[in-house]
Chemist: 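After the structure tokens below, expect a handful of questions from me.
Per chain, numbering begins at 1; letters A, B, ... match sequence-line order. All heavy atoms count here, side chains included; hydrogens, waters and symmetry mates do not.
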Number of protein chains: 2
Amino acid sequence: MLTERQLLILQVIIDDFITTAQPVGSRSISKKDAVTFSSATVRNEMADLEEMGFIEKTHSSSGRIPSEKGYRFYVDHLLSPLRLSDSEVTIIRDAFTDKMMEFEQVVQKSAGILSDLTNYTSIILGPEVFETKLKQLQIVPLNDQSAIAILVTNTGHVEHRAFNVPVEVSTSDLEKMVNILNARLRGVPLIQLHEKLYEEIGGLLKAHTDQYEKAFAYLRAALVEEQPTKLYIGGKTNILMQPEFRDLDKVRSLYATIEKESEMADLLRSDDEGIRVRIGQENPFDAMQNCSLITASYRLGNDQIGTIALLGPTRMEYNRMFSLMNVLSKHMTSTFRGWY
Amino acid sequence: MLTERQLLILQVIIDDFITTAQPVGSRSISKKDAVTFSSATVRNEMADLEEMGFIEKTHSSSGRIPSEKGYRFYVDHLLSPLRLSDSEVTIIRDAFTDKMMEFEQVVQKSAGILSDLTNYTSIILGPEVFETKLKQLQIVPLNDQSAIAILVTNTGHVEHRAFNVPVEVSTSDLEKMVNILNARLRGVPLIQLHEKLYEEIGGLLKAHTDQYEKAFAYLRAALVEEQPTKLYIGGKTNILMQPEFRDLDKVRSLYATIEKESEMADLLRSDDEGIRVRIGQENPFDAMQNCSLITASYRLGNDQIGTIALLGPTRMEYNRMFSLMNVLSKHMTSTFRGWY
DNA sequence: ATTTAGCACTCAAGTAAATCGAGTGCTAAC
DNA sequence: GTTAGCACTCGATTTACTTGAGTGCTAAAT
């Protein structure tokens, strides 16, 4: 186990490295107020810490930098919760006192705040739609040939899609059909919409002329569309600010990874609540070897959970990030709770 | 005026530099099949071309690179229209045979194609909304406290916004009001919506109870919202691929410039049709000194014009870009023509 | 038994000089 | 007018040297 003194030294090394991005030497440690012993002593302790795998050297005579194990230990045991600065608190609070009523807007804004306040890249995963139910279906004819189908869910989400109206189908035909569909489909989870549509179509077709068939085919095409869980990325170019990404090749491969929406979504999708950190190798993607990913969940309604995440170098300001993510996820959750 | 031989040499220099990004020397020029004379002759001609300002040296004993004047001349007089490769044609055609009915979708896809096919950054300016008229207003109550206002325009554009419903206002009150508003506002240009709302509200308020006032205040807040012309950016990180942007500071300032939406929009907004190129200094922004911006217009309906643009280094594959932009803007225009 | 001062050693980073080579301009011959 | 030839230029690359922050180890001090 680590002695008090070793803990102190490890803490100093990591704190220092997080702010300067430079290896930390024994002398600079011993000069810290909290450190009362000499640099030689520090060197001895550092040798032990290195042997235990918490820190490492970049070359044989360099200062020390935290290893991934070091960061892990730091995050698990050494993290002193940081009070956010007044300006940070203000920015967040102001953003959320604006009356926001749309899910997308809240998410976008949150992603923006997160990346602006951190200089890292924020990634927000929209909540799963399993539980989202159809609230209303609407058709707005634009002209003879086209109309717009609008679908509103109980979560206030609006999907819309224009489609062609075959000439044989009159506006009133469409209207009737929509009324019927509305009556039968209201409250149906979106995820079942497709099959329900098939079930319902039988009855409809029997009861009505074949105009319906045609119109329905179009309408169905308009409505039933894969709707992948959406990923919102903020401050993508912040990565360029980080000294560890001076190398453009790294940046490129990282971008390539982030942009694989479905894989990123899988990575972020989390079952557990609370904040989770993945440090370096703990991330599944090669391009993220030098990155840490902090994820936190927010709730929309009762059982829909989305995730907000921050991607930065392993040398991340973990304590500030924790506070930020905490505050933000709470704000998001409570904003959403106000709605449903 | 330039001799045939000078034209040939200029052409070779620019073509070469565009593909290699390296200064072009006399020997490599004289080795080209089309060039029958010696490197010494080429050197003499190059000296003349340099004196005329079409090419320049990076240092006293380097090969030549095109000057901005050189690019300008190249674009104006030397450009050989390039046939797009089969795969390019296929990609574009396939993208547009997908039945797309939504403006946003088309624009997004176009921006994506453009940046994918070019490794430059694509910027698309949505058309002005001056002429867009209100088609229909819709209110979908979600629950006791909130509802969604949906606004559909004659161009098929859908705006929606959730808003709080004051407890005193019943769903049927809202419904009535929407009916009235629909009756009075249909066909009103969006840009006049705000004042029309004020005009109409007088009559409404007189005719009805004060519940309307409250509901109306909310509804108005929900509907009348600045709707800046939208800018779609694709392949923002492609810039990193270009050797001229090895320097991160340049990249950062370029990003900063691109992200100033309103200024970029002003820059792109063009009165004339056709393709236009701004080379280097011809661009108004400092950060774009080493960039060229190619813009082309597309039409949505009769008099709504939007712009697609490509931003890359001055060393751009102009001929391929011209072909691409041409094809794409035609595809976009004709797709939209199908709708209205 | 710790702690610390002292010292030899290491190695990345910075600097200066040396070399290389692609390219030029000019001159003189073709 | 064209071209071969040659001296010259200058960025890029290589090599050698210096610097300095930092280490590990030993021996003395506490």
Side-chain angles (χ1 to χ4, degrees), chain A residues 1-10 12-17 19-67 70 243-244 246-247, chain B residues 1-10 12-17 19-67 70 243-244 246-247:
Chain A
M1 213 31 331
L2 294 178
T3 67
E4 277 301 314
R5 199 162 64 186
Q6 286 170 332
L7 289 178
L8 174 61
I9 290 175
L10 182 56
V12 169
I13 290 175
I14 299 186
D15 284 339
D16 220 62
F17 185 71
T19 58
T20 66
Q22 296 297 324
V24 186
S26 56
R27 226 175 92 78
S28 73
I29 294 177
S30 77
K31 272 191 291 195
K32 286 265 148 56
D33 285 348
V35 176
T36 55
F37 32 92
S38 77
S39 64
T41 310
V42 173
R43 280 201 290 283
N44 289 331
E45 296 288 25
M46 288 204 297
D48 291 350
L49 282 171
E50 181 169 7
E51 204 172 350
M52 289 184 275
F54 292 108
I55 55 181
E56 51 195 37
K57 292 189 271 194
T58 59
H59 60 88
S60 78
S61 73
S62 77
R64 302 305 209 290
I65 63 172
S67 67
E244 24 271 284
R246 211 58 78 68
D247 178 3
Chain B
M1 216 26 330
L2 294 179
T3 66
E4 277 301 316
R5 198 162 66 184
Q6 286 170 331
L7 289 177
L8 174 61
I9 291 175
L10 183 55
V12 169
I13 291 175
I14 300 187
D15 284 340
D16 220 62
F17 185 70
T19 58
T20 66
Q22 296 299 323
V24 186
S26 55
R27 226 175 92 78
S28 74
I29 294 178
S30 77
K31 272 191 291 197
K32 286 266 149 58
D33 284 348
V35 176
T36 55
F37 31 93
S38 77
S39 66
T41 309
V42 173
R43 280 200 290 284
N44 290 332
E45 297 287 26
M46 288 204 297
D48 292 347
L49 283 171
E50 182 170 8
E51 205 171 350
M52 290 185 276
F54 292 109
I55 56 180
E56 51 194 41
K57 291 188 272 197
T58 59
H59 61 87
S60 76
S61 72
S62 76
R64 303 305 209 289
I65 63 172
S67 67
E244 24 271 285
R246 208 62 74 70
D247 178 3

Chemist: A quick test of your reading: do over 12 heavy atoms of other residues, nucleotides or ligands sit less than 6.0 Å from CZ of A:Arg27?
Modeler: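 No, the 6.0 Å shell around CZ holds no more than 12 heavy atoms from other groups.
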Chemist: Of the options C:dG25, D:dA21, C:dT3, whose atoms approach the side-chain atoms of A:Ser61 most closely?
Modeler: D:dA21
Chemist: State whether the distance check finds a donor on one side and an acceptor on the other, under 3.5 Å, for side chain B:Ser38 versus base D:dT3.
Modeler: no
Chemist: With B:Ile13 as reference, evaluate B:Leu8, B:Ile65, B:Val42, B:Val24 under the side chain to side chain contact (heavy atoms under 4.5 Å, CB included) test and give the passing residue.
Modeler: B:Val24
Chemist: Over all strands shown, is B:Thr41 touching base, sugar-phosphate only, or nothing at heavy-atom distances under 4.0 angstrom?
Modeler: base
Chemist: Can you identify which nucleotide, out of C:dG23, C:dA12, D:dT23, has its nearest atom closest to the A:His59 side chain?
Modeler: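 When the side chain of A:His59 is considered, C:dA12 is the closest of C:dG23, C:dA12, D:dT23.
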Chemist: Strictly below 4.0 Å: does B:Ser62 bring a side-chain N or O up to OP1 or OP2 of D:dT9?
Modeler: no
Chemist: For A:Val24 and for B:Asn44, find the nucleotide of DNA chain D with the closest heavy atom, then tell me which residue's nucleotide is more 5'.
Modeler: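 Taking each residue's closest nucleotide, the earlier one in sequence belongs to B:Asn44.
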Chemist: In whole Å, what is the span from the CZ atom of B:Arg64 to the P atom of C:dA22?
Modeler: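 The distance from CZ of B:Arg64 to P of C:dA22 comes to 17 Å, rounded to the nearest Å.
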Chemist: Hey, does the side chain of A:Lys57 come within less than 4.0 Å of D:dG24's phosphate (OP1/OP2), counting only N and O?
Modeler: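 Answer yes for this pair, as a side-chain N or O of A:Lys57 is under 4.0 Å from OP1 or OP2.
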Chemist: The side chain of B:Met46 is closest to which nucleotide in this list: C:dT4, C:dT24, D:dT23?
Modeler: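 Among C:dT4, C:dT24, D:dT23, the one nearest the side chain of B:Met46 is C:dT24.
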Chemist: Give a yes or no on whether the backbone of A:Thr58 and the side-chain of A:Ser62 come within a donor-acceptor separation of less than 3.5 Å.
Modeler: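 Checking the backbone N and O of A:Thr58 against the side chain of A:Ser62, a donor-acceptor pair under 3.5 Å is found.
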Chemist: Tell me what B:Ser60 touches on the nucleic acid: a base, only sugar-phosphate, or nothing, going by heavy atoms under 4.0 Å.
Modeler: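 Contact class for B:Ser60: sugar-phosphate only.
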Chemist: Can a donor-acceptor pair under 3.5 Å be found between the side-chain atoms of B:Arg27 and the base atoms of C:dG21?
Modeler: no
Chemist: With no hydrogens and no angle check, is any side-chain donor or acceptor of B:Ser67 less than 3.5 Å from a backbone partner on B:Gly53?
Modeler: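 Present.
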Chemist: Between D:dA21, D:dT3, C:dT24, which one does the side chain of B:Ala40 approach most closely?
Modeler: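 Of D:dA21, D:dT3, C:dT24, D:dT3 is nearest to the side chain of B:Ala40.
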Chemist: Look at the side chain of A:Arg43 and the base of C:dG6, then say whether one donor and one acceptor between them are separated by less than 3.5 Å.
Modeler: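 Checked by distance alone, the answer is yes.
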Chemist: Whole angstrom is fine here: how far is it from CG in A:Asp16 over to P in D:dA21?
Modeler: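 Distance check: A:Asp16 CG to D:dA21 P gives 16 Å.
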